[in-house]
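Remarks on the structure that follows.
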2 protein chains.
Amino acid sequence: MSERYQLGDCSCLRLRKMARRVTQLYDQIMAPAGLSVTQFGLLAHAWFLKDVSVSELGEHLVMDPSTVTRNLRPLVDRGWVELKVSARDRRQREVHLTKAGATVLGEARPYWVEAQRQLRDMLGDQRATLLNDALDTALDRLLPA
Amino acid sequence: MSERYQLGDCSCLRLRKMARRVTQLYDQIMAPAGLSVTQFGLLAHAWFLKDVSVSELGEHLVMDPSTVTRNLRPLVDRGWVELKVSARDRRQREVHLTKAGATVLGEARPYWVEAQRQLRDMLGDQRATLLNDALDTALDRLLPA
DNA sequence: TCGAGATACATGTATATGCATGTATTCTGC
DNA sequence: GCAGAATACATGCATATACATGTATCTCGA
């Protein structure tokens with residue numbers, strides 16, 4: 001942060017810069033797996049939160065439901081995810097990971113681990129932990145409930 | 001962060017969540033000014049870094065040059081920014097803020113200040129400062145030179 | 001000075017993001 | 001049990017993001 005002017009004060013611009021940089025890093029490292037970090041996150045959440053709805057997935061990811069729908073699109077097209085009308089509420093779509101999706105997720109995992117390792121390496125353990133904690137406690141206060 | 005599984009470990013997903021949330025907050029507050037926080041950042045940097053080139057602007061914003069070009073598009077279309085071939089190096093385009101652009105920037109400023117105030121309010125002074133510091137020191141280590 | 005390589009930007013392609021709105025379904029009060 | 005309100009998702013629209021590639025320009029050595 002070399003800027004001296006007041007713009008250097010803006011948490012939002014700072015956050016977006018950091019998010020861009022770190023996303024670039026992850027995406028480059030994960031490229032051989034054929035997944036962006038966004039897509040990895042979607043698959044991993046779909047795996048963990050079995051039969052989750054589009055909206056619920058959005059809440060977990062702090063992502064607008066319409067964005068979730070669209071981001072799932074390429075994953076559905078590749079046959080890694082299926083959207084099924086919920087039996088209980090036919091307005092809902094349950095997000096299901098397919099076998100192929102689970103396989104891809106498993107194969108991508110080492111690259112994701114490596115990306116985390118490299119980031120932590122660049123930051124140093126202490127700063128990495130500090131950053132994660134700061135983000136967690138901040139997010140807690142910005143999200144409902 | 002209610003998730004207990006290992007995904008909660010990922011700095012990148014965390015950063016992106018936080019960036020999405022904070023961007024939504026800023027964009028909502030700044031909407032009456034007719035600018036997104038991204039556009040505000042571009043205009044403000046163009047104002048501060050007089051005659052900056054597209055690439056240099058990208059370096060300041062940790063943004064790919066092609067992304068800078070495209071993000072400038074709507075600002076050029078609205079007559080807030082002009083791209084001029086550099087006299088020194090005709091490959092370069094100098095980013096100039098127009099009078100109209102300066103006016104819009106000035107009008108948007110109070111909304112931006114208000115967004116920052118609200119965020120700081122939600123986080124608390126100490127956590128806000130901690131977060132900003134953590135982001136700054138982390139960014140320092142992720143950027144070249 | 002001239003040509004090969006490097007550089008700066010623009011553009012093609014694909015994805016990421018959110019608001020406003022539309023459609024199907026469910027819920028609720030009566 | 002039904003009409004109106006509320007909800008869940010899809011879609012139109014505008015922007016945001018980056019890599020690969022194309023084009024114009026510059027640089028530097030022979």
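Below, read A as the first sequence line, B as the second, and so on, with proteins coming before strands; counting in each chain starts at 1. Because the structure is a prediction, the values reported are computed rather than measured.
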Side-chain donor-acceptor pair present, A:Gln28, A:Gln24, cut-off under 3.5 Å
no

A:Lys17 atom NZ is separated from D:dT17 atom P, nearest whole Å, by 13 Å

Is there a donor-acceptor pair closer than 3.5 Å between any side-chain N or O of B:Arg21 and the backbone N or O of B:Lys17?
no

Does a side chain donor of either A:Thr129 or A:Arg120 reach within less than 3.5 Å of an acceptor in the other side chain?
yes

Which atom of A:Glu94 lies closest to which atom of A:Ala87, heavy atoms considered
OE2-N, 4.5 Å

Take atom CG of B:Asp27 and atom P of C:dC19, then tell me their distance rounded to the nearest Å.
8 Å

Between atom CG in B:Leu43 and atom C1' in D:dA16, what is the gap in whole Å?
15 Å

Tell me, which of residues 105-118 of chain A have any heavy atom that sits under 4.0 Å from an atom in DNA chain D?
none

Would you say D:dT17 has OP1 or OP2 under 4.0 Å from some side-chain N or O of B:Asn71?
yes

Once you round it to whole Å, what is the distance between P of D:dT17 and CD of B:Gln39?
10 Å

Please give, in whole Å, the distance from D:dA18 P to A:Leu25 CG?
13 Å

Any side-chain N or O of B:Arg90 below 4.0 angstrom from OP1/OP2 of D:dC26?
yes

C:dA16 phosphate, OP1 or OP2: any side-chain N/O from B:Arg20 under 4.0 angstrom?
no

Strictly distance-based, threshold 3.5 Å: is any side-chain N or O of A:Arg20 a donor or acceptor partner for the main-chain N or O of B:Val62?
yes

For B:Thr103, what residues pass the side chain to side chain contact (heavy atoms under 4.5 Å, CB included) criterion, not counting sequence neighbours?
B:Glu107

Residue closer to the 5' end of DNA chain D, A:Gln28 versus B:Ser36 (nearest nucleotide):
B:Ser36

Distance only, no hydrogens: is a donor on one side chain within 3.5 Å (strictly under) of an acceptor on the other, for A:Asn132 and B:Ser11?
yes

B:Met18 and B:Leu130: same hydrophobic cluster, using ILVMFWY side-chain contacts below 4.5 Å?
no

Along nucleotides 4-11 of chain C, 5' to 3', which nucleotides get a B, which get an S, and which get a -, given that the test is a protein heavy-atom distance under 4.0 Å?
--BBSSSB

side-chain N/O B:Arg78 vs D:dT15 OP1/OP2, d < 4.0 Å
yes

Test item: B:Arg14 and A:Leu131 side chains (from C-beta on) under 4.5 Å apart, heavy atoms
no

Quick one: B:Leu75 CG to D:dA14 P, roughly how many Å, whole number?
16 Å

State whether the side chain of B:Ser53 and the backbone N or O of B:Arg93 hold a donor-acceptor pair below 3.5 Å, judged by distance alone.
no

Tell me what B:Thr38 touches on the nucleic acid: a base, only sugar-phosphate, or nothing, going by heavy atoms under 4.0 Å.
sugar-phosphate

With a 4.0 Å cutoff (strictly under), does any side-chain N or O of A:Arg88 reach OP1 or OP2 of C:dT26?
no

A:Pro74 has a side chain; which of D:dA16, C:dT15, D:dA18 sits nearest to it?
C:dT15

Nearest-Å distance for atom pair CZ/C1', residues B:Arg21 and C:dG18
13 Å

Rounding to a whole Å, what distance do you find between B:Met63:CE and C:dA16:P?
17 Å

